[in-house]
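Every chain is numbered from 1, with letters handed out A, B, ... down the list of sequences.
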Amino acid sequence: MKVVGITTQQEVFVGSKERNFRINEFLIIEDPYQGSLLGEVVEAKTFNRYIPLNIYGDFVDSSVLESLKALGYNIDEDTIYIAKIRLLNEALYPIQTGSDVRLPQFLEVKDLMIKSRVDEGLVLGIIKNTDDLAKDMDDEFKDLLHTFEEGDLLEQRDIPYILDIKSMHHYPHIGVFGGSGSGKSFGLRVILEELMRLNIPTIVLDPHFEMDFSQPASYLDDEAIDFKNRFKCLQVGTHVGVKFEDLTAQDLKNLLSAASNLTDSMSNVVDILFKPKDSYYSFYNRMQMLTEAQEEGSLDRIENRINNAADPEERRAWMERKELFISYDKTCPYNSVRGIIWRLRRLENDGVFSKDIREIEDGLQNGKLIVIQGNTRILQVFSTYLLNNLYHKRREYKDALYKKTEADYFPPFIIVTDEAHNFAPKAYESPSKSIIKEISQEGRKYGVFLILATQRPTLLDETITAQLNTKLIFRTVRASDIQTIQEETDLTMEECRRLPYLRTGDVFISSADMGRTIFARIRAALTTSPHTLNPFDELKSKFKEDDEDFLKLIMDKLPINDIELAQLALEIEQEAKITYTVNQLEEKLNKLVEKKHIKKEETIFGFRYNI
Amino acid sequence: MYNINDKLKEKVEDLNQALRVKYRDIFELDKGQLRDFINKHIGQIKKMDKLDRAQLSLYQSKGGIVGVDGSVNKVGGAYPHFIEIYQAMAKCTNRREDPVVLADIYSPLYIEEEEMEEDDDLFQNKRDVKLATLEVEAAIESVKRHKPYAILMDGGLIRYNIDAHDSWLELRGLCEERGTIIVGVIKDIKTSIIGDMIRELDGKINSTIYDREILFGLLDYGEMVLVKDEANKKGPQGYASVFLRSSLAPTVIGMDIIDSQRDKLEEMAQLVFTLTPENSRGVPLWLDIVDKEVLISDELIRSLLEQYMDRGLYERFFISERDKRN
Ligand SMILES: Nc1ncnc2c1ncn2[C@@H]1O[C@H](COP(=O)(O)OP(=O)(O)OP(=O)(O)O)[C@@H](O)[C@H]1O
Ligand SMILES: [Mg+2]
């Protein structure tokens, strides 16, 4: 390998007759005047001067090439390989053309590639195209993982990519971007497995009900770590919820506005009607009674109700309504109160108020990964409350430490969510967005970090995007998202151009602490999502089951003449308590014929089904 | 708009008219008639088959096929202030890394006084001689070193007979002795065998009409004409030749072979046909590859001269005004 052509201080071309280059691999240029310079392949090309279009403007037909090969000459060997190399550090002078180029030793690149020890960082995958370097790699970095490619589980042959979680202290927050099917969720799963391995307290918002870690991946035999004691799936309304008594007016307003914004007047209603230590029922009743009074329309009519009350109980109730009417009718318009009631009842129906978050807090205290499940709307509501709550607990603890006052310990933690653009949308305000934004800007100080994944970086709030110091970028096809990625990361033009073509699970990792982009492949996850069955396989197996059941029913009745179908229906009904019409039976039988389970013969009496 | 000079237009029209008149008789003959004539008087039109893999592998095991070609680079200005650099290469399909490469150099300034000749024709001749000799010598070396089954020379063998007579005799002898087949592949055929025959038998034509003109589009893809000896009376003795259409382009190429190997001519025509891409001008790819490889870029030559000649000498003698301008 040699440097060829015109060079600069930043970039050179390297040519080789034997070795095909791979993008993102590292090479060392031995400049006779400047010593060894490390560079990375940013473009790789091959060229065969005999095969290109320029043999009088046309392709050479392959039969001629085959013939030459039979004569002993393989034209493929005339291929030369050319790579564009970008130097990691600018050279003082343009590189000497003709300089030798060689592969680095592991030690020469170790500091660039590995930033963390295995027991302190997230082992997410391999750095692609580093197998040559990995040969003399320290044993501690070998055999850490497998990759899963084209249906095969492969041994680790490259340098591992270990995300230095400690560097989050300086470069907080991670973004995970990529189009549908690009490997985001899978990548997130690997990140979460690693967080569990390191016992880092983590909250996962899981709108897809996919972040369960109890099922080992099918391609692994048994080496799987058992994560069962390291995570917990909690469903909003079933296992966890909001303890109404603990809410502040602001919390409540956040909850109520999570699905859609409150009007000023509605917000006012909460401020006026909600009293500290209110229970769901006390608050609900207060509003209910106020609206009932307002429905009467005037004080006179309420008096009337009091005077005509059938019993003392009713009388007392109307007196109460009167008090509320006098205090609040002017400041709390009827429609706004109805709006709050309606929203409150909806939350209650979802079970939001039926539990508390104790289990979550306990889990975090024990270094567990807590997966909060629920549909997107519920999660928006609940996470707003939850994140505010947890973040402020942590904050209080740290502030108290600083002020040297007493406070309960609350650990640092990481918040992870898929579909992050739903929780922190760019286009409009939402309560979950304000807490996420706050954490993105100040979480670092308190040790609270975000890992946000989304298909649509363009729809994610820009202030938050800008705070994501490490970005994992999977295959992205949509032009607007590539544009956003180009603006928000240090991916080069060449890298952005490759984005639509990345294979599932391949990823550019652009991180402030690396100072450059790494091309990696996410390792094989140790666990699998609970619903990975292909829907078409599901259909097929469902049909198969149905067919088999039916086959069992009729097997010992074969052969069956088509004029006996009514009789057959009767028999099946008596024996198996399943009712078929003659038409249904005929259809089912024909389907079995089609699938070649049975035969249909023609006889003088018509058709006959047989084995 | 770009205006073409009217005089120029007229001249082109005149040329067109002259060609029309000259070739009227030929154009009037229909394709069938011409092909009949050729079949009868020149040689049979035959369909060629491409060689199969087994046959080619056999050649490979018998030493492979050598392609021989040469190149000329000229640096400098008008006579005598220039240098010509000649290179010849003989490359064997079996021996990728081991081609025979010979080089020579010529500058009128470097020749002894009495030899100095300003005659351009003579110079042209000198260049032909140098190049042909170099190519033949490369072929000789190749026969000895590569021991190939056959050699494809880029150009007719007759040319070597004329321009490099002594070396050619050596090469020819060597090939005959070793049983190495040697053929010349002629991209631009310059003969007029068919036209001459028509003139002789018919008398209608009274000017020279070249074979390439007649054969253009006349043969179908994969057809050849093995020229009978009687038809080629005018040609030099001791060679047999063939015309063939080896690609989809309507042009026809020629090949020649030494007398003693004439029974191999058809087989060699098939080999050339097999090695020629259908969408090419008709030259076998192997010769194209050798042609590309023997070529030296002008840049490379200039840097060679700059590095190995005194700057002063180089500039004084070989940098023309035109070079200085750019
Ligand atoms: N690193 C990887 N190695 C092997 N297979 C992978 C990898 N990443 C993803 N896959 C496979 O590709 C499929 C799609 O990946 P994944 O579900 O992560 O896509 P996604 O980016 O989350 O898509 P969506 O945005 O639609 O949810 C998965 O079923 C998984 O089996
Ligand atoms: Mg997903």
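The CG atom of B:Leu275 lies 13.0 Å from the OH atom of A:Tyr73; values are rounded to the nearest 0.5 Å. The line from OG of A:Ser67 to CG of B:Asp52 is 9.5 Å long, rounded to the nearest 0.5 Å. Once rounded to the nearest 0.5 Å, the distance linking CG of B:Leu56 with NZ of A:Lys69 reads 13.5 Å.
For A:Lys142, the NZ atom sits in a packed shell: over 12 heavy atoms of surrounding residues, nucleotides or ligands are nearer than 6.0 Å. The number of heavy-atom neighbours closer than 6.0 Å to CZ of A:Arg157, taken from other residues, nucleotides and ligands shown, is 12 or below. Shown here is A:Tyr219, whose OH atom has more than 12 heavy atoms of other residues, nucleotides or ligands within 6.0 Å. Around the OH atom of B:Tyr210, the shell of radius 6.0 Å holds no more than 12 heavy atoms that belong to other residues, nucleotides or ligands. Within 6.0 Å of the NZ atom in B:Lys187, the count of heavy atoms belonging to other residues, nucleotides or ligands exceeds 12.
The most heavy-atom pairs under 4.5 Å with chain A, out of B:Gln55, B:Arg53, B:Arg95, come from B:Arg53.
Two residues are said to be in side-chain contact when any heavy atoms from C-beta on lie closer than 4.5 Å; A:Leu68 and B:Thr93 meet this criterion.
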Discussion item. Apply side-chain contact (heavy atoms from CB on, under 4.5 Å) to residues A:Ile75 and B:Ile289 and explain how you reach the verdict.
Written reply: CA-CA 10 Å; A:Ile75 204 154; B:Ile289 288 177; 3.7 Å; yes

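For a residue to count as touching a neighbouring chain, one of its non-hydrogen atoms must lie under 4.5 Å from one of that chain's; by this rule B:Thr276 touches chain A with the backbone only.
Side-chain atoms of B:Arg96 never come within 3.5 Å of backbone atoms of A:Gly72 as a donor-acceptor pair (strictly under, hydrogens ignored).
Scanning all heavy atoms of the two residues, the minimum distance from A:Ser63 to B:Lys50 falls at OG-NZ, 4.4 Å.
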